[in-house]
Amino acid sequence: RRSVLSTDHPSILETLNGFALGMMYQGRYAEAEDLFMESYEKRKKTLGPEHQTTLLVAYNLARNYMHRGRYTESRKMYEDCLSRQQITLGGEHASTLRTIAGLAFLISKQGDHQTASRLLEDTLETHKRVLAKEHPATLSVIHNLAIVYSAMDEQHYGGRAEKLFR
């Protein structure tokens, strides 16, 4: 495609993101990061930093940073992406909700289960209202919240985790 289309063409950028996702899913995080970064920078330049597909690549880059254990960079990217999504897409858009859930998962990985649980509890209610109780994204939030509860003080949250798993 690069020989026919310019390197900034949306089809090329979509292909870059797709390759990067494939590499991330294979655990090839360094290679994925290079492609995500190339796609992200070109999308910011051609489509703008608030464009929905630019924000999708930012979300993917944040996930990739998390997989690499680069939590500070991941959190910064998640928070930046989230603030732009809340302005451009709104707080109840599916992409915004996905980013909140991703940020909460990262925060939990960093050991702050209290903050992660609050974020997930809030986003779970929005997921149920906006997407429905049975939506796969809602079920994913329930699953992640149960894992966070399990990691917290068992005496206080263990029963809540068990309820969510049922």
statement: Between the CD1 atom in I12 and the OG1 atom in T46, the distance rounded to the nearest 0.5 Å is 12.0 Å

field: Exercise: do T99 and Q85 side chains pair donor with acceptor under 3.5 Å
entry: yes

- prompt: Nearest heavy-atom pair of C81 and Y59: which atoms, and what distance?
  reply: SG-N, 4.0 Å

- prompt: If every non-hydrogen atom of T138 is compared with every non-hydrogen atom of A132, which pair is closest and at what distance?
  reply: OG1-O, 2.8 Å

- request: Could you walk me through whether E41 and K44 pass the salt bridge (Lys or Arg N to Asp or Glu O under 4.0 Å) test, one step at a time?
  value: CA-CA 5 Å; E41 291 302 326; K44 280 196 315 187; 3.6 Å; yes

task: Using the rule that two of Ile, Leu, Val, Met, Phe, Trp, Tyr join whenever any of their side-chain heavy atoms come within less than 4.5 Å, decide whether Y65 and Y25 are in one cluster.
output: yes

Lys/Arg-Asp/Glu bridge criterion (N-O < 4.0 Å) met for D122, R118: no

- request: Would you check, one step at a time, whether the test side chain to side chain contact (heavy atoms under 4.5 Å, CB included) holds for T53 with L13?
  value: CA-CA 10 Å; T53 58; L13 299 178; over 6 Å; no

Minimum side-chain heavy-atom gap L21-F36 below 4.5 Å: yes

task: Say whether, by atom type as modelled, one donor and one acceptor occur between the side chain of D112 and the main chain of I107 under 3.5 angstrom.
output: no

- request: Grab the two heavy atoms, one from S74 and one from L106, that are nearest each other, plus how far apart they are.
  value: OG-CD2, 3.5 Å

query: Going by atom types alone, do T88 and R84 pair a side-chain donor with an acceptor below 3.5 Å?
result: no

query: Hey, which of L139, I100, V141 is the one that makes side chain to side chain contact (heavy atoms under 4.5 Å, CB included) with H127?
result: V141

message: Determine whether a donor-acceptor pair (N or O, by modelled atom type, separation under 3.5 Å) exists between the side chain of T96 and the backbone of E92.
response: no

